Amino acid sequence: MSELTLTVMRLGFLAVLWLFVIVAVQVIRSDLFGTRVTQRRVATAGPRRGPDQRAPQGRRQQQPAERSGGRRRRGAPTKLVVTEGSLTGTTVALQGQTITLGRAHDSTIVLDDDYASGRHARIYPDRDGRWIVEDLGSTNGTFLGRSRLTGPMPIDPGSPVRIGKTVIELRK
């Protein structure tokens with residue numbers, strides 16, 4: 001073997017060794033400090049109008065439930081509340097859009113929970129105005145009441161949905 005080949009192999013081995021050390025330090029750092037929860041603003045649909053500006057005449061603004069094709073029922077829940085876990089007290093208004101839950105930074109509710117997956121579950125409205133919870137193939141599962149979800153299930157207001165240490169409920 002030539003001197004050049006031996007030097008290149010030594011440098012390659014040294015580079016792989018440093019890469020391993022850097023990855024190990026990043027894993028230890030994430031275990032010690034957890035995931036970073038980012039603050040986001042919720043985007044509003046449509047242009048903002050001041051109090052003296054009104055929507056054009058002849059056009060009625062659609063309600064969120066009408067946009068999704070369903071009807072809004074009386075007594076239907078209006079908010080999602082985190083009742084247990086690190087985000088206790090967090091409230092999300094239900095406006096007819098899908099709510100995603102998990103550790104991923106682009107989730108609607110970012111869970112800093114060791115038992116939550118990156119894309120753990122989603123909550124979405126159906127055509128009848130009911131809200132449905134669905135597990136997205138998580139490792140530790142999503143529980144509605146005391147039963148583990150095996151498919152999409154409707155949520156009644158006040159029924160606890162548990163993801164790891166986090167419990168959420170739909171409320172009026």
Side-chain angles (χ1 to χ4, degrees), residues 33-172:
F33 299 112
T35 57
R36 182 177 298 174
V37 177
T38 57
Q39 298 292 331
R40 295 183 307 267
R41 287 194 221 194
V42 177
T44 58
R48 293 182 179 242
R49 293 185 175 92
D52 59 336
Q53 295 175 330
R54 298 186 184 180
Q57 292 290 341
R59 292 183 65 193
R60 186 177 71 98
Q61 287 189 340
Q62 291 181 331
Q63 296 297 323
E66 292 178 78
R67 280 188 222 131
S68 62
R71 293 179 180 247
R72 195 172 204 137
R73 299 182 310 162
R74 282 188 181 225
T78 59
K79 60 187 171 182
L80 179 78
V81 179
V82 179
T83 58
E84 292 180 29
S86 61
L87 297 173
T88 301
T90 303
T91 302
V92 177
L94 299 175
Q95 299 176 345
Q97 79 278 11
T98 298
I99 296 171
T100 56
L101 303 122
R103 294 178 77 163
H105 293 291
D106 61 345
S107 297
T108 308
I109 298 178
V110 179
L111 302 175
D112 188 18
D113 191 334
D114 293 335
Y115 298 103
S117 300
R119 306 244 186 295
H120 196 98
R122 71 180 179 142
I123 297 174
Y124 59 94
D126 69 355
R127 293 179 186 224
D128 298 330
R130 293 179 306 175
W131 287 87
I132 308 294
V133 63
E134 178 181 15
D135 186 85
L136 298 176
S138 64
T139 305
N140 295 316
T142 303
F143 293 83
L144 178 59
R146 291 186 173 205
S147 59
R148 186 174 180 152
L149 294 178
T150 56
M153 293 288 295
I155 312 171
D156 294 323
S159 296
V161 176
R162 184 169 54 86
I163 296 172
K165 298 175 185 174
T166 305
V167 177
I168 59 173
E169 292 179 4
L170 294 178
R171 294 196 178 156
K172 297 177 185 179

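If you're wondering where the values come from, they're calculated on a predicted model, not measured in any experiment. Reckoned from all heavy atoms, side chains included, excluding hydrogens, waters and symmetry mates.
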Rounded to the nearest 0.5 angstrom, the CD1-CG distance for Ile109 and Leu80 is 4.5 Å
Taken to the nearest 0.5 Å, the spacing of Asp106 CG from Thr100 OG1 works out to 6.5 Å
Under 4.5 Å between any side-chain heavy atoms of Ile168 and Leu101, yes or no? yes
Quiz item: Taking the side chain as C-beta and beyond, is there a heavy-atom pair between Leu94 and Pro77 under 4.5 Å?
Solution: yes
Residues passing the salt bridge (charged side-chain N to carboxylate O under 4.0 Å, His left out) test with Glu84, sequence neighbours excluded, are none
Applying salt bridge (charged side-chain N to carboxylate O under 4.0 Å, His left out) to Arg122 and not counting sequence neighbours gives Glu134
Mark yes or no for whether [X], through its side chain, and [Y], through its backbone, hold a donor-acceptor pair below 3.5 Å.
| X | Y | value |
| --- | --- | --- |
| Thr83 | Val167 | yes |
| Asp128 | Arg130 | no |
| Gln95 | Ala93 | no |

Which pairs would a plain distance check flag for residues 143-152, meaning a side-chain donor or acceptor within less than 3.5 Å of a matching protein atom at least two apart in sequence or in another chain?
from, atom 1, to, atom 2, distance (Å)
Ser147, OG, Leu144, O, 3.1
Arg148, NH2, Thr139, O, 3.4

Note: Arg103 and Ala116 closest approach over all heavy atoms is CD-O, 2.9 Å
In terms of heavy-atom contacts, Tyr115 and Asn140 come closest through O-ND2, 3.1 Å
The side-chain contact (heavy atoms from CB on, under 4.5 Å) partners of Thr90 (sequence neighbours excluded) come to Val82, Leu87
**OP:** Please test Asp113 against Ile163 for side chain to side chain contact (heavy atoms under 4.5 Å, CB included), starting from the C-alpha separation and ending with a verdict.
**Re:** CA-CA 9 Å; Asp113 191 334; Ile163 296 172; 5.6 Å; no
For Ser138, the side chain to side chain donor-acceptor pair (under 3.5 Å) test, sequence neighbours excluded, returns His120, Asp135
Residues pairing under salt bridge (charged side-chain N to carboxylate O under 4.0 Å, His left out) where one sits in residues 153-171, two or more places apart or in two chains, turn out to be Glu169-Arg171
